[in-house]
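Below is one structure, written out as structure tokens; comments come after it.
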Amino acid sequence: MSKLEIKSPLPGTFYRRSSPDAAPYKQDGESVSAGDVIGLIEVMKTFHEVRADVTGSAITFVAEDNEPIMAGQVIAEVEA
């Protein structure tokens, strides 16, 4: 199996859930399909969905919830 990377399209703060009380969009180890929302990036009080651009059997998050990230930084890896 190979690991494919999902990278941040924008700089900002990465969130794995839509609100502090909500469940994460995806848990480590879950399967993912291209187009699935895996998190949000907050840029200047505006939220942008981060969607997987790959399909795979298991996702592993590299970026932590509520972590500042840069554009192009790896957010997660997907086994394909």
Side-chain angles (χ1 to χ4, degrees):
M1 280 194 184
S2 64
K3 290 200 176 202
L4 304 174
E5 297 176 334
I6 299 174
K7 296 181 179 181
S8 173
L10 302 165
T13 303
F14 177 69
Y15 297 99
R16 290 183 54 189
R17 56 188 85 226
S18 60
S19 72
D21 298 332
Y25 289 103
K26 292 286 182 180
Q27 297 279 2
D28 282 331
E30 285 187 334
S31 64
V32 64
S33 297
D36 285 354
V37 176
I38 64 162
L40 300 171
I41 295 178
E42 179 187 9
V43 181
M44 297 178 65
K45 304 292 182 195
T46 302
F47 292 88
H48 303 271
E49 290 181 340
V50 178
R51 294 183 179 270
D53 53 359
V54 297
T55 297
S57 59
I59 190 168
T60 303
F61 285 91
V62 177
E64 296 293 325
D65 190 38
N66 200 23
E67 179 181 336
I69 57 174
M70 300 301 298
Q73 182 177 333
V74 176
I75 294 174
E77 295 176 336
V78 177
E79 291 181 16

Exercise. Compare every heavy atom of Ile6 with every heavy atom of Ala52, then report the nearest pair and how far apart it is.
Key: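 Between these two residues, the closest heavy atoms are CB-CD1, 3.9 Å.
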Quiz prompt | Closest non-hydrogen atom pair, Gly39 against Phe14 | solution =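 Nearest pair, atom of Gly39 first, then Phe14: CA-CE1, 3.9 Å.
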Just jot down the side chain to side chain contact (heavy atoms under 4.5 Å, CB included) partners of [X], sequence neighbours excluded, or say none.
{"X": "Ser31", "result": "none"}
{"X": "Ser2", "result": "Leu4, Ala80"}
{"X": "Ala71", "result": "Pro11"}

Practice problem: Please collect all side chain to side chain donor-acceptor pair (under 3.5 Å) contacts where either partner lies in residues 11-27, sequence neighbours excluded, each pair once. | Solution: Tyr15-Glu42, Tyr15-Asn66, Lys26-Asp36
Quiz prompt | Single-linkage hydrophobic cluster Val37~Phe47, side-chain heavy atoms < 4.5 angstrom | solution =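 As far as the 4.5 Å side-chain criterion goes, Phe47 and Val37 are connected within one cluster.
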Quiz item: With hydrophobic residues grouped by side-chain heavy-atom distances under 4.5 Å, do Val43 and Ile75 end up in a single group?
Solution: yes
Quiz item: If you link I, L, V, M, F, W and Y whenever their side-chain heavy atoms are under 4.5 Å apart, who else ends up in the same group as Val74?
Solution: Val62
Practice problem: Check salt bridge (charged side-chain N to carboxylate O under 4.0 Å, His left out) between Glu67 and all other residues, then give those that pass, not counting sequence neighbours. | Solution: none
Quiz item: By salt bridge (charged side-chain N to carboxylate O under 4.0 Å, His left out), which residues pair with Asp28, not counting sequence neighbours?
Solution: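 Checked Asp28 against salt bridge (charged side-chain N to carboxylate O under 4.0 Å, His left out); zero matches.
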Quiz item: Atom CD1 in Ile41, atom NE2 in His48: separation rounded to 0.5 Å?
Solution: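 The CD1 atom of Ile41 sits 8.5 Å away from the NE2 atom of His48.
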Exercise. Would you give the length of the straight line joining atom CD of Glu5 to atom CD of Gln73, rounded to the nearest 0.5 angstrom?
Key: 11.0 Å
Exercise. Would you list the pairs meeting salt bridge (Lys or Arg N to Asp or Glu O under 4.0 Å) in which at least one residue belongs to residues 44-55, sequence neighbours left out?
Key: Glu49-Arg51
Quiz item: Which is it for Val32 and Glu30 under the side chain to side chain contact (heavy atoms under 4.5 Å, CB included) test, yes or no, and what are the steps along the way?
Solution: CA-CA 6 Å; Val32 64; Glu30 285 187 334; over 6 Å; no
Quiz item: Taking only residues two or more places apart in sequence or in another chain, which ones pass side chain to side chain donor-acceptor pair (under 3.5 Å) with Glu79?
Solution: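 Listed in chain order: nothing, the list is empty.
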Quiz item: Is there a donor-acceptor pair under 3.5 Å between the side chain of Ser33 and the backbone N or O of Thr55?
Solution: no
Quiz item: Which residue, Ile69, Ile38, Leu10, forms the side-chain contact (heavy atoms from CB on, under 4.5 Å) with Val50?
Solution: Ile38
